Amino acid sequence: MVTLSRKFSTTAVPNPKLSQPQPQNTTTTQFFIPFSQLQQRKPLESRLVSILDGCTHLTQIKQVHAHILRKGLDQCCYCLTKLIRMLTKLDVPVHSYPRIVFHQVKYPNPFLWTALIRGYAVQGPFLESVVLYNRMRSEGTGPIHAQTILIGGFASDLFVGNTMIDMYVKCGFLECARKVFDEMPMRNVVSWTELIVAYAKSGDMGSAWELFRGLPVKDMVAWTAMVTGYAQNGKPREALECFERMQDAGVKTDEVTLVGVISACALLGATKYGNWVRGVAESYGFGPTENVVVGSALIDMYSKCGIVEDAYNIFEGMKERNVYSYSSMIVGFAMHGRAHAAMQLFHEMLKTEIRPNKRNHYACMVDLLGRAGRLEEALELIETMPIEPHGRWDDVSRLRKLVREKGLKKNPGCSWVESKEGVIHEFYAGDMTHPQYAEIKRALADLLDRLKAKGYQPNLGSVTYDISDDEKKLILMNHSEKLALAYGLLNTESTDAGCTIQIMKNLRICEDCHAFMCSASQVTGREIVVRDNMRFHHFRDGACSCDNFW
DNA sequence: CTAGGGTTAG
């Protein structure tokens with residue numbers, strides 16, 4: 001079922017929309033140039049590039065350069081990119097000859113920029129490459145340069161189109177990317193996947209699915225994009241469903257797919273499913289020991305499933321560790337209130353070459369120490385914290401995240417419980433679709449009476465809508481974690497192995513549910529664990545491990 | 001030459 005093959009089918013299919021008359025006066029963006037103006041790659045330029053590729057001495061390159069100028073190709077980014085790349089390969093200082101070549105081009109395209117930036121990144125000064133990178137990405141630069149590729153027509157349709165989609169997406173012009181996609185004469189899986197990922201990253205899984213549905217040949221990468229898209233957008237059930245449909249379709253799977261599945265399991269708290277995935281990964285030789293990404297994902301999954309020990313076993317067994325592995329483990333310890341272990345690991349990490357993720361990491365540790373009441377250590381950490389000079393690279397990812405969040409609608413409250421058989425039961429707030437709903441409702445009413453006798457009062461302040469108190473009580477009673485609890489009580493016995501009822505929730509637990517769970521643990525004599533999006537709550541004998549602080 | 005991957009903070 002699993003393969004490591006990276007071969008992809010690049011069969012391009014014609015765009016059916018183009019045979020129909022094009023609608024006039026659509027929302028044209030100022031940067032966009034229609035594909036009809038596109039020319040084919042010119043043979044002369046291709047030949048010059050391949051000649052450059054074979055150059056081994058500076059004199060040869062200079063000869064070809066002279067030839068390029070004679071042929072009037074002094075503005076051809078395609079040739080000059082190759083020229084700069086060859087120059088830097090021969091250790092010619094970027095700041096001399098290559099930089100001059102670059103400055104003679106009026107409209108450098110992203111490839112030319114990249115050649116220069118890469119040169120500085122290899123030879124130094126490193127700061128210069130950062131400066132150039134930011135300049136290239138500064139307002140509108142990407143799309144404007146994209147025009148020059150189009151007008152010059154330095155590459156074939158399909159490739160330019162795909163690259164443009166990528167560029168527009170990276171510059172945050174999703175609509176432009178879509179427009180390119182719609183007007184491309186020929187398209188392949190890559191074109192589709194680029195856009196699907198862009199929609200997924202912006203939180204619009206609806207559009208992603210719509211596109212995916214219309215994709216004629218769905219390959220492994222496209223499927224994986226959907227699976228991880230769902231996982232990244234807090235829709236783990238959909239992610240697993242997608243994964244299963246992918247297998248039904250007979251599409252092969254590799255470690256990237258499995259990583260997406262594991263992170264869905266982490267969200268769901270689906271231990272059994274996760275274990276199975278781990279087994280599959282191991283049997284194909286990219287288990288947690290061999291593959292850092294699989295390992296880190298599993299660490300996160302196990303700690304979010306409440307099994308820190310297993311998480312630590314994975315961590316210990318890993319051949320290679322990076323920031324993700326350490327972060328996941330530290331956070332895993334923190335989530336379970338093991339401040340000491342987290343602190344120790346943090347210091348262990350500082351001894352390696354792995355650098356913490358700048359301020360965030362420190363913020364996390366300070367928060368943890370503060371929570372554990374170790375204020376002196378927290379202060380010491382703040383004082384010894386090295387201040388990193390360039391936060392610009394950080395900005396990029398923060399910006400993308402912002403975009404993603406902006407497009408994201410607020411997720412409805414949702415809880416999951418795993419049955420004895422490993423089946424995941426999902427409950428939404430006010431959800432009446434569960435087959436056992438009638439029983440659940442009765443059990444909840446029953447429980448409510450017993451809790452009231454012990455002094456529990458519904459906390460009406462947890463509902464902020466402007467409605468009557470009775471309606472508020474009804475809403476509270478139908479919170480997803482209460483439904484899940486009732487399901488758990490109905491379907492497990494206190495004598496069952498691991499008789500704890502473990503509930504996973506996508507949002508923060510509300511005050512009313514918290515009090516309800518406390519009281520319920522006392523009345524039923526059962527241990528209840530609720531993991532919300534922040535931490536674990538262990539309810540036992542009427543008290544919670546978080547000390548009512550969450 | 002082009003497409004899919006793991007953590008956290010607020």
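Reckoned from all heavy atoms, side chains included, excluding hydrogens, waters and symmetry mates. The sequence lines fix the lettering, A, B, ..., with proteins before strands; numbering per chain opens at 1. As the structure is a computational prediction, the values presented were derived from the model and not from experiment.
For B/dT7, its base never sits under 3.5 Å from the side chain of A/Ser328 at any donor and acceptor pair.
Note on A/Thr257: a base of the nucleic acid sits closer than 4.0 angstrom, heavy atoms only. Nucleic acid contact for A/Val197: sugar-phosphate only, since backbone atoms but no base atoms lie under 4.0 Å from a heavy atom of the residue. Nucleic acid contact class of A/Val227 (heavy atoms, under 4.0 Å, all strands): none.
Between A/Gln232 and B/dG6, a side-chain N or O to OP1/OP2 separation shorter than 4.0 Å is present.
A straight line from CD1 of A/Ile196 to P of B/dA3 spans 15 Å, rounded to a whole angstrom. Taking atom CZ on A/Phe286 and atom C1' on B/dG4, their separation rounds to 14 Å, with Å as the unit. The NZ-C1' distance, from A/Lys201 to B/dG6, rounds to 12 Å in whole Å. Following rounding to the nearest Å, A/Glu320 (CD) and B/dG6 (P) show an atom-to-atom distance of 17 Å. The nearest whole Å value for the distance from the CZ atom in A/Arg278 to the C1' atom in B/dG5 is 19 Å. The NZ-C1' distance, from A/Lys304 to B/dT7, rounds to 7 Å in whole Å. Rounded to an integer number of Å, the gap from A/Leu195 CG to B/dG4 P is 12 Å. To the nearest angstrom, P of B/dT7 lies 15 Å from CE of A/Met329.
Considering only the side chain of A/Val259, B/dG6 comes nearest among B/dT2, B/dG4, B/dG6. Proximity note for A/Asp254 (side chain, C-beta onward) versus B/dG6, B/dG4, B/dT2: the nearest is B/dG4. Closest to the A/Glu255 side chain, of the nucleotides B/dG6, B/dT8, B/dG5, is B/dG5. With B/dT8, B/dG5, B/dG4 as the candidates, the nucleotide lying closest to the side chain of A/Val294 is B/dG5. Residue A/Val331 has its side chain nearest to B/dT8 when only B/dG6, B/dT8, B/dA3 are considered. Comparing atom distances between the A/Ala225 side chain and each of B/dT2, B/dG4, B/dG6 picks out B/dG4 as nearest. In the set B/dG4, B/dG6, B/dA3, the nucleotide with an atom closest to the side chain of A/Ala297 is B/dG6.
Among residues two or more places apart in sequence or in another chain, the side-chain hydrogen bond (donor to acceptor under 3.5 Å, both in side chains) test is passed with A/Asp248 by none. Residues that satisfy the side-chain hydrogen bond (donor to acceptor under 3.5 Å, both in side chains) test with A/Arg178, not counting sequence neighbours, are A/Asp182, A/Tyr199.
A/Tyr326 and A/Phe315 have their aromatic ring centers within a separation under 6.0 angstrom.
Between A/Glu418 and A/Arg531 no salt bridge is recorded (no basic side-chain N to carboxylate O distance below 4.0 Å). For the pair A/Glu282 and A/Arg278, the salt-bridge criterion is met [side-chain N within less than 4.0 Å of a carboxylate O].
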